[in-house]
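In what follows, a structure is listed as structure tokens, so that the remarks can point back to it.
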There are 2 protein chains.
Amino acid sequence: MDEARVRERLLEAATELAAAQGFETCGLREIAARAHVSPAMVAYYFGDREGLGEAIYRRAFERVSERVRALIEAPEFARRDGLEELVRIYVAAMTADPWLPKLVAGEILAHGASPFRSRLARDLVRGPMMAMIRWLEEEQRQGRLRPEIDVRWMAISISSLCVFPFMILPIVGDELGLSFGSDFTEELVSHAQDFLAHGLRARSEDLT
Amino acid sequence: MDEARVRERLLEAATELAAAQGFETCGLREIAARAHVSPAMVAYYFGDREGLGEAIYRRAFERVSERVRALIEAPEFARRDGLEELVRIYVAAMTADPWLPKLVAGEILAHGASPFRSRLARDLVRGPMMAMIRWLEEEQRQGRLRPEIDVRWMAISISSLCVFPFMILPIVGDELGLSFGSDFTEELVSHAQDFLAHGLRARSEDLT
DNA sequence: GCAGGAATCGAACGAGCGTTTAATTTCCCG
DNA sequence: CGGGAAATTAAACGCTCGTTCGATTCCTGC
């Protein structure tokens with residue numbers, strides 16, 4: 001088996017299956033068959049089944065956190081429309097790998113299933129959200145966000161608008177005439193930006 | 001075993017476990033033990049394991065669709081602030097049973113795992129969303145919603161704001177100082193209403 | 001009070017799981 | 001080219017799963 005490292009092929013097969021049906025429900029033999037490899041290779045490279053699961057979720061976590069770190073450190077954050085950039089990069093992080101949204105959803109759902117999964121779900125969700133909250137607080141302090149709104153709920157709402165659409169798209173997408181792809185991502189970004197801007201941003205004029 | 005019907009106790013135990021860790025990952029013996037009943041009772045009342053799963057998810061689906069039907073037929077919909085009422089009842093539907101949010105999340109994630117689960121996930125998500133879209137179209141036609149926004153994205157955003165917070169609350173709740181309960185629900189409703197009203201509603205005055 | 005069907009149980013079965021092991025192949029280096 | 005370590009495999013093991021089955025208990029109507 002020379003065309004690619006066995007370890008990498010196992011990770012890829014396991015990731016695809018975990019994204020399609022959840023890691024818990026797919027067997028070692030199924031993963032190994034998809035990677036054209038013996039099931040014993042899982043023990044050889046990852047110790048045991050849980051080691052393989054930890055590896056694929058850790059990789060997913062690192063990809064997300066790496067992109068969210070770019071989100072935080074990007075120079076666009078200092079600009080006036082930082083909120084728009086936040087949404088754009090947040091969505092871009094979700095679409096960087098086609099299987100990431102369902103993987104994140106699985107991790108959210110698996111929270112509590114095992115100590116390892118709980119810890120990973122926490123890392124996967126808490127890190128980006130806490131960073132976002134800190135950024136929102138600063139924006140609010142500078143008067144660019146409506147002062148009366150709790151930043152925690154701002155962060156929850158932003159996350160909801162950026163993540164949840166990916167989770168329900170496979171179910172309602174064909175009925176709505178929407179499907180994965182750059183079109184969907186761009187529409188999501190622009191609509192989320194629109195909602196958030198008109199809902200969150202401090203305005204000099206109108207309304208209480 | 002007289003204090004409650006065995007069938008009902010099995011349904012309850014399976015629902016709690018499915019909400020806590022997903023139906024796929026909990027065994028029949030575990031469910032039966034929690035219901036203080038022999039595993040053979042599952043076969044007796046539900047035929048097989050999948051029959052039990054179908055029963056609990058069907059019941060969840062019926063509870064949701066029943067409450068969303070109330071949402072559609074409620075007299076409040078004819079009022080000026082129908083959007084606020086929609087959010088309130090949508091969230092109320094999610095909180096009617098404490099295990100419903102995770103059950104819905106699991107169903108979303110399980111879409112594609114099996115023909116039965118795909119069909120149920122579709123029923124669970126499509127029905128309420130299509131009804132919501134039809135209602136939003138009517139609202140938009142009557143000039144109460146900004147005319148330039150795609151109603152499909154309105155529905156996606158409303159669903160996101162009303163459902164996703166329940167999914168991440170177990171993970172980030174303690175760090176944010178938020179926890180399940182009537183307080184959380186009320187805050188969620190009021191914030192979602194605020195965001196949607198200022199983001200979606202047509203205004204006579206300001207901005208392009 | 002008893003007969004008979006419904007309800008319930010504990011035990012056993014076969015299948016599939018993750019894992020281990022011994023054997024084989026592959027590869028690299030002296 | 002040959003030897004030893006690394007890589008890979010097929011087969012087997014023990015375990016747990018969902019399911020089945022015969023026996024037992026619990027109702028209920030006569």
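Everything numeric here is computed off the predicted structure, so don't read it as measured data. Reminder, nothing fancy here: chain letters follow the sequence lines and each chain counts from 1.
For the side chain to side chain donor-acceptor pair (under 3.5 Å) test, no residue two or more places apart in sequence or in another chain qualifies with B:R88. Considering only residues two or more places apart in sequence or on other chains, A:E30 meets the side-chain contact (heavy atoms from CB on, under 4.5 Å) condition with A:L17, A:Q21, A:C26. For B:R49, there are no salt bridge (Lys or Arg N to Asp or Glu O under 4.0 Å) partners, not counting sequence neighbours. The side chain to side chain donor-acceptor pair (under 3.5 Å) check on B:R134 picks up nothing, with sequence neighbours excluded.
In this entry the distance linking CZ of A:R5 with C1' of C:dT26 reads 12 Å, nearest Å. Atom OH in B:Y45 sits roughly 17 Å away from atom P in D:dT19 (whole-Å rounding).
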Please set out all donor-acceptor pairs under 3.5 angstrom arising from side-chain atoms of residues 38-45 of chain B, sequence neighbours excluded.
from, atom 1, to, atom 2, distance (Å)
B:S38, OG, B:A40, N, 3.1

When you check every protein heavy atom under 4.0 Å of nucleotides 18-24 of chain C, what one-letter string (B, S, -) results, 5' to 3'?
BBB----
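Taking five base pairs at each end of the helix from C:dG1-D:dC30 to C:dC28-D:dG3, the local helix axes there meet at an angle of 10°, rounded to 10°.
Sequence neighbours left out, the pairs with a member in residues 160-175 of chain B that pass salt bridge (charged side-chain N to carboxylate O under 4.0 Å, His left out) are A:R126-B:D174, A:R126-B:E175. The side chain to side chain donor-acceptor pair (under 3.5 Å) contacts involving residues 179-189 of chain A comprise A:E187-B:W153, where partners must be two or more places apart or lie in separate chains.
By the 30° and 60° cut-offs, the orientation of the rings of B:F195 relative to B:H191 is tilted.
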